[in-house]
Amino acid sequence: MNTLLEASVAKASSAPTRRQTNPPNRILVVDDDVDLRKLNTQVLVLSGYQVNAAEDGEAAWEYLKANSCDLLITDNRMPRLSGRELVKKLRSANMILPVILASGSVSAEGLSRNDRLQLAATLSKPFTTGELLDTVTKVLREAGSSRRSGGVCFPVLAEALSHIQPTSHWGINE
């Protein structure tokens, strides 16, 4: 399928890496700019990640409905379905997935203020490959430690769930 590119870790194993190889986390990179999508995919593959790529939010949504990922990195401004709209669809479908949203038109602060999106991080375009790798490492580390400790990756969801009280139903909770 033209909308998705799969980059295998095996291809990158013979290439020299600048950083130590990371665990093979599955990452979906979404960007309508083909050059930027290829660059980000290549950087992540060379760093040891398993990476798939989609050309827009609609292709990413179709991919995510059929496949699991450890992280979504998406551009905000794209045709057919924006990054924000993609994240809203994820949250509406109760998909718990850390998301890094990149934007050149909306500030990282503006994106971070939208609690409903439950973004793990934001990147302001243009960003360097070092900033990309540092952000990915941080988000995956936080998501992993949250899973190991039994925590929830999304603080807004965790806060909402903490207020739910069981009710007595036929004496079960008494």
Go through the steps to decide whether Y49 and L140 satisfy the test side-chain contact (heavy atoms from CB on, under 4.5 Å), and finish with yes or no.
CA-CA 11 Å; Y49 297 104; L140 288 173; 3.5 Å; yes
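- The heavy-atom pair separating V30 from G57 by the smallest distance is CG1-N, 4.0 Å.
- Between Q50 and N25, the closest side-chain pair of non-hydrogen atoms is not below 4.5 Å.
- Nearest heavy-atom pair across A60 and A54 is N-CB, 3.7 Å.
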Mind running side-chain contact (heavy atoms from CB on, under 4.5 Å) on C69 and L97 for me, showing each step along the way?
CA-CA 7 Å; C69 292; L97 174 67; 4.1 Å; yes
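- For T135, the side chain to side chain contact (heavy atoms under 4.5 Å, CB included) partners are I100, A121, L123, V139, not counting sequence neighbours.
- Rounded to the nearest 0.5 angstrom, R80 CZ and W61 CH2 are separated by 14.0 Å.
- Remark: K138 engages E142 in a side chain to side chain contact (heavy atoms under 4.5 Å, CB included) (not counting sequence neighbours).
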What do the steps show when you test V99 against T74 for side-chain contact (heavy atoms from CB on, under 4.5 Å), and what is the final call?
CA-CA 8 Å; V99 177; T74 184; 4.2 Å; yes
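- Atom-to-atom distance recorded for L81:CG and K88:NZ is 10.5 Å, nearest 0.5 angstrom.
- With R91 contributing its side chain and Q118 its backbone, the two residues share a donor-acceptor pair below 3.5 Å.
- Put simply, the side chain of R26 gets close to the backbone of S68: a donor and an acceptor are under 3.5 Å apart.
- A distance of 10.0 Å separates CZ in R84 from CZ in R77, rounded to the nearest 0.5 Å.
- Side-chain atoms of D70 do not come within 3.5 Å of backbone N or O of I27 as any donor-acceptor pair.
- To the nearest 0.5 Å, the span separating CD on E58 from OG on S82 amounts to 11.0 Å.
- With sequence neighbours excluded, no residue forms a side chain to side chain contact (heavy atoms under 4.5 Å, CB included) with A66.
- Taking the side chain as every heavy atom from C-beta outward, L28 and L64 approach each other to under 4.5 Å.
- Tested against L101, the residues L86, N76, L72 include a single side-chain contact (heavy atoms from CB on, under 4.5 Å) partner, N76.
- Annotation: the span from L44 atom CG to N52 atom CG amounts to 11.5 Å, rounded to 0.5 Å.
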Test side-chain contact (heavy atoms from CB on, under 4.5 Å) applied to N40 and I73, step by step:
CA-CA 10 Å; N40 290 340; I73 302 171; 5.7 Å; no
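- Legend: residues meeting side chain to side chain donor-acceptor pair (under 3.5 Å) with D31, ordered by chain and number and at least two apart, are K125.
- Taking every heavy atom of both residues into account, D56 and M78 meet most closely at CA-SD, 3.8 Å.
- For E62, the salt bridge (charged side-chain N to carboxylate O under 4.0 Å, His left out) partners two or more places apart in sequence, or in a different chain, are K65.
- Under the side chain to side chain donor-acceptor pair (under 3.5 Å) criterion, S92 pairs with no residue, sequence neighbours left out.
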